[in-house]
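Reminder, nothing fancy here: chain letters follow the sequence lines and each chain counts from 1.
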There are 2 protein chains.
Amino acid sequence: MEYVGTALAEMTMPQISPLAGEPIERADAERLAGVLKALADPARLRLLSLIQSAPEGEACVCDLTAPLGLSQPTVSHHLRILTEAGLLEREKRGVWAYYRLVPTAIATIADLLTPPRKRATKKAR
Amino acid sequence: MEYVGTALAEMTMPQISPLAGEPIERADAERLAGVLKALADPARLRLLSLIQSAPEGEACVCDLTAPLGLSQPTVSHHLRILTEAGLLEREKRGVWAYYRLVPTAIATIADLLTPPRKRATKKAR
DNA sequence: CAGCAGCATCGACCCGCCTGCATATCAGCA
DNA sequence: TGCTGATATGCAGGCGGGTCGATGCTGCTG
């Protein structure tokens with residue numbers, strides 16, 4: 001636990017080597033696997049989708065428990081994992097805790113998976 | 001096991017709902033989570049990277065055991081999971097089994113994660 | 001201040017998975 | 001045919017993770 005930082009930030013900033021080019025390093029593989037592990041769960045994917053498609057792009061736990069069919073502690077558990085992975089951000093307003101997507105988090109993961117293609121190669125232009 | 005089909009194919013063809021727009025369905029979430037689960041492992045990420053960066057874009061088990069530092073059965077196990085997920089394809093030539101990336105498999109996953117952006121919307125061009 | 005509602009945390013159970021060892025299978029070769 | 005080497009499979013141990021019930025914590029309200 002005590003690891004409440006954003007795992008994604010560690011990948012985004014020091015530019016983790018994407019799944020392309022030369023063989024990926026062991027440490028990079030573990031970091032990327034960690035974030036992917038947060039995504040690789042049906043309940044968490046549905047949570048992300050529900051939050052993203054919610055009225056203001058945000059939702060509190062009480063709104064998510066019913067659609068998922070999971071207990072409130074379990075939902076909080078998943079939200080915690082997604083938050084620690086850097087995919088969600090939490091804002092507490094009054095008694096409610098509102099979660100929303102971190103803007104470019106998922107897109108960043110997608111970019112790490114896809115090879116050069118058209119993005120990374122246009123650096124020294 | 002007997003489930004040797006490609007999980008990715010089930011997503012690509014009937015066009016699984018991406019992680020955007022309206023809330024994702026439970027079945028779609030499970031399929032997508034299944035493929036992501038195959039990716040969410042350091043050893044498998046390194047395997048994909050090693051194979052992709054190999055001379056001919058292909059590699060046999062004996063070439064992958066040493067770099068990973070895992071036993072041969074374990075490497076075969078991971079290759080099997082990646083193959084069943086639709087990320088790798090296997091070709092047996094003589095005594096060796098050569099693995100190579102399924103061309104657009106990973107890119108497909110990346111597209112499923114990222115919202116509209118520029119791809120899906122430019123169909124009628 | 002007492003009561004209540006929304007969330008987070010804890011403890012526990014159970015299942016799935018990563019790993020290695022042992023073994024089976026199969027192709028090439030003497 | 002029998003042997004050797006490259007892979008795949010079976011089996012078992014150990015650990016991590018998903019789930020829930022119970023509980024603690026914190027604002028809001030009467």
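Note on B/R93: every side-chain N or O is 4.0 Å or more away from OP1 and OP2 of C/dA27. The phosphate of D/dA8 has OP1 or OP2 within less than 4.0 Å of a side-chain N or O from B/Y99. The phosphate of C/dC7 (OP1 or OP2) has no side-chain N or O of A/R80 nearer than 4.0 angstrom. Side-chain nitrogen and oxygen atoms of A/R90 include at least one within less than 4.0 Å of the OP1 or OP2 phosphate oxygen of C/dA8. Put simply, B/H77 has a side-chain N or O that comes within less than 4.0 Å of OP1 or OP2 on C/dC18.
Among the heavy atoms of the strands lying under 4.0 Å from B/I81 are primed sugar atoms or P, OP1, OP2 only; no base atom is included.
For A/P73, the listed nucleotide lying nearest its side chain is D/dC20; candidates were D/dC20, C/dC7, D/dT7. You'll find that the side chain of A/K37 is closest to D/dG17, out of C/dT19, D/dT7, D/dG17. Closest approach to the A/A97 side chain among D/dC20, C/dC7, C/dG6 is made by C/dC7 (side chain taken as heavy atoms from C-beta onward). In this structure, of C/dT9, C/dT19, D/dT9, it is C/dT19 that holds the atom nearest to the side chain of B/H78. For A/T74, whose side chain is taken as the heavy atoms from C-beta onward, the closest listed nucleotide among D/dT19, C/dA8, C/dC18 is D/dT19.
Taking each heavy atom of B/V102 and B/E89 in turn, the nearest pair found is CG2-N, 4.0 Å.
Straight-line distance from the CD atom of B/Q72 to the P atom of C/dG20: 11 Å, rounded to whole Å. Regarding A/L68, its CG atom lies at a distance of 14 Å from the P atom of C/dC7, rounded to whole Å. Protein atom CD of B/E58 is 16 Å distant from nucleotide atom C1' of D/dA6, rounded to whole Å. For the pair A/L70 CG and D/dG17 C1', the computed distance is 14 Å after rounding to whole Å. Taking atom CD on A/E30 and atom C1' on D/dG16, their separation rounds to 15 Å, with Å as the unit. What separates CD of A/E91 from C1' of C/dG6 is a distance of 16 Å, to the nearest Å.
Judged by distance alone, with hydrogens and angles left aside, the side-chain atoms of A/T83 form a donor-acceptor pair with the main-chain N or O of A/L79 at under 3.5 Å. Not a single donor-acceptor pair under 3.5 Å links the side chain of A/R100 to the backbone N or O of A/E91. Looking at A/R44, its side chain does come within 3.5 Å of a backbone N or O of A/K37 through a donor-acceptor pair.
Mapping A/S71 and A/V95 onto DNA chain D via the closest heavy atom, the residue that lands nearer the 5' end is A/S71.
Among the candidates B/H78, B/H77, B/E84, the single residue satisfying the side-chain hydrogen bond (donor to acceptor under 3.5 Å, both in side chains) test with B/R80 is B/E84.
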